[in-house]
Amino acid sequence: MEAAREAAEPGVAAVVLPERLQRREAERQQGVERQRQRKEAQVVKEEQSEFFIAAFTREREAVEGLLAAGVLEEAAARLQGLQKLLTESVRFLAPYEVRQGQEAVARLQSDLGARRQQLQPKKKFAFRILKKEAAPGCESRPAEPARPAAASAAPAPGYGPAEGEPGGPPLCGFSGVEDEELELGPAELLQRDVLLSELRRCRVRLRGNANTLRVRDCRGCTVLCGPVSTSVLVDGCSDCLLALACQQLRTHRTRSSLFYVQVTSGAVIEDCTKVSFAPYTWSYPGIERDFESSGLDRNRNNWNLVDDFDWLATDRPSPNWSLIPEQERISCWE
């Protein structure tokens, strides 16, 4: 019987060994296949990136040419297409490519605003500045009504400085106000750079399409903002409620605040605590037109993709931010 068992053992080994080899061969082939798929995916990504760069460069140069020629409506339409191209390409672009694209779009939007101001009839322009409703939201551009008329005699060279730069138009917004209801409409906001600073317990409604928005050192405020074409920066705020739609959201030194966001490329927080996020739900008459003007994709919202620069661990969630539970989210804003 012992002899029979010994005779059987070589047969068993002969069966087991081929199974092990087959398993190892299968694993090797799977590894080769995964490597091939990764290479193919990388090639596709590189091809997509090259196509984007070529298309983006071509459209950017076209917009620059139209701005130089003063064909502003066509330039605005092409610029909107350029913004849409960038938004749709974010998923396969490297971070530095996204940043370069955003900077190029922001520069062109600033150039477009400056060219519109240069080519706009000065009498109409001066009349709008003197309107009562525009006074709280935007600083008056010239000190005297007579100066724009004098400037119209000599057109300014180039595109002119951007908003907020020395010699350029001032930023639009509110500063140092307490316990007030504040509002700006489409005419004041269109492709403007907006600043809200040092507000206390204010409710701010921004109905329209701004170019950028900065919210700094605000306490206990509610900020409801229509679509912003490029970026929103929230810095040094606390106990605030913000509804924001933008391409990129950056939040610094902010605590105990609620964010309802529509963001295409994601949100970044740094040195923040107790900030919570939910999808953007604020609305007003004309918001769809403003979304179209901004170039933002209404169907693309990465509201719950938050990158905390102060939290590097990948196996545990950041304690600095959270999602607002559905039952606690605001559905009626008025």
Side-chain angles (χ1 to χ4, degrees), residues 133-134 136-138 171-251 254-264 267 269 272 275-298 301-304 306 321 323-324 326 328-334:
E133 61 269 25
C138 304
L171 293 170
C172 181
F174 303 97
S175 180
V177 182
E178 297 185 5
D179 303 302
E180 293 286 346
E181 295 266 344
L182 307 171
E183 185 167 344
L184 291 174
E188 292 89 358
L189 291 172
L190 184 59
Q191 291 303 317
R192 295 292 302 275
D193 296 322
V194 181
L195 174 63
L196 307 177
S197 67
E198 299 180 354
L199 304 181
R200 301 292 182 266
R201 301 172 302 279
C202 291
R203 185 178 181 87
V204 184
R205 296 181 184 86
L206 304 176
R207 293 186 173 97
N209 168 214
N211 179 40
T212 64
L213 170 65
R214 284 179 282 174
V215 185
R216 288 182 172 169
D217 301 318
C218 294
R219 305 284 183 271
C221 294
T222 295
V223 177
L224 308 178
C225 182
V228 176
S229 294
T230 55
S231 64
V232 172
L233 171 64
V234 179
D235 185 20
C237 298
S238 64
D239 303 302
C240 289
L241 169 63
L242 306 101
L244 307 166
C246 57
Q247 186 177 44
Q248 183 184 48
L249 171 63
R250 295 173 296 156
T251 306
T254 294
R255 62 179 177 83
S256 303
S257 295
L258 304 178
F259 291 80
Y260 287 75
V261 298
Q262 170 96 27
V263 57
T264 54
I269 66 173
C272 296
V275 292
S276 301
F277 294 84
Y280 184 83
T281 54
W282 187 53
S283 186
Y284 56 87
I287 192 171
E288 294 299 335
R289 180 184 64 248
D290 292 333
F291 264 102
E292 184 177 351
S293 171
S294 71
L296 299 179
D297 184 353
R298 192 72 191 268
N301 189 4
N302 293 318
W303 65 273
N304 56 349
V306 180
W321 70 275
L323 302 181
I324 302 174
E326 287 192 28
E328 298 178 12
R329 295 174 187 172
I330 299 173
S331 57
C332 181
W333 292 90
E334 299 301 331

F277 versus L249: any side-chain heavy-atom pair under 4.5 Å? yes

Check whether any side-chain heavy atom of L213 sits under 4.5 Å from a side-chain heavy atom of L233, and report yes or no. no

First locate atom CZ of F259, then atom CD1 of I269, and finally report the distance between them rounded to the nearest 0.5 Å. 9.0 Å

Run through N211, T212, N209, D290 and flag the one making a side chain to side chain donor-acceptor pair (under 3.5 Å) with S229. N209

Does atom CD of E292 have more than 12 heavy-atom neighbours from other groups under 6.0 Å away? no

All heavy atoms of D297 vs all of Q262, minimum pair found to be O-NE2, 3.5 Å

Can a donor-acceptor pair be found, under 3.5 Å and without considering hydrogens, that links the side chain of T222 to the backbone of R203? no

Taking atom CG of L182 and atom OG of S175, what is their separation to the nearest 0.5 Å? 11.0 Å

Just so I know, are the side chains of D217 and S197 near enough to count as touching, which here means a heavy-atom distance under 4.5 Å? no

Any side-chain heavy atom of D179 within less than 4.5 Å of one from R200? no

State the CG-SG distance between L196 and C218, to the nearest 0.5 angstrom. 6.0 Å

Would you compute the distance between atom CH2 of W282 and atom CZ of R207 and round it to the nearest 0.5 angstrom? 5.0 Å

S231 side chain reached by R250 side chain, heavy atoms, under 4.5 Å: yes

Can N301 and T264 be said to form a side chain to side chain contact (heavy atoms under 4.5 Å, CB included), step by step? CA-CA 5 Å; N301 189 4; T264 54; over 6 Å; no

Heavy-atom closest pair (L296 atom, P227 atom, distance to 0.1 Å) is CD1-CB, 4.0 Å

Within this structure, what is the CZ-CG distance for the pair R219 and L199, rounded to the nearest 0.5 Å? 10.5 Å

Charged N-O contact under 4.0 Å between E181 and R205: yes

So how far is it from S257 OG to W321 CH2, rounded to the nearest 0.5 Å? 15.5 Å

Using a 4.5 Å cut-off on heavy atoms from C-beta on, say whether the side chain of L244 contacts that of V228. no

Please evaluate residues D239 and R255 with respect to the criterion side chain to side chain contact (heavy atoms under 4.5 Å, CB included), reporting the C-alpha separation (whole Å), side-chain torsions for both, the decisive distance (0.1 Å), and the verdict. CA-CA 7 Å; D239 303 302; R255 62 179 177 83; 4.1 Å; yes

Heavy-atom check, side chain of C237 versus side chain of V215, under 4.5 Å: yes

Answer yes or no: is there an ion pair linking R201 with E178, defined by an N-O contact shorter than 4.0 Å? yes

For S293 and F291, indicate whether the former's side chain and the latter's backbone hold a donor-acceptor pair under 3.5 Å. no

Side-chain (T281) to main-chain (I330) donor-acceptor, under 3.5 angstrom: yes

Side chains of V261 and V232 in contact at under 4.5 Å (non-hydrogen atoms): no

Heavy-atom closest pair (V263 atom, Q247 atom, distance to 0.1 Å) is CG2-O, 3.4 Å

L224 backbone acceptor or donor facing Y260 side chain under 3.5 Å: no

So which atom in W333 and which in A243 form the shortest heavy-atom distance, rounded to 0.1 Å? CH2-CB, 4.2 Å

Check for a donor-acceptor pair, side chain of R329 on one end and backbone N or O of I324 on the other, with a separation under 3.5 Å. yes

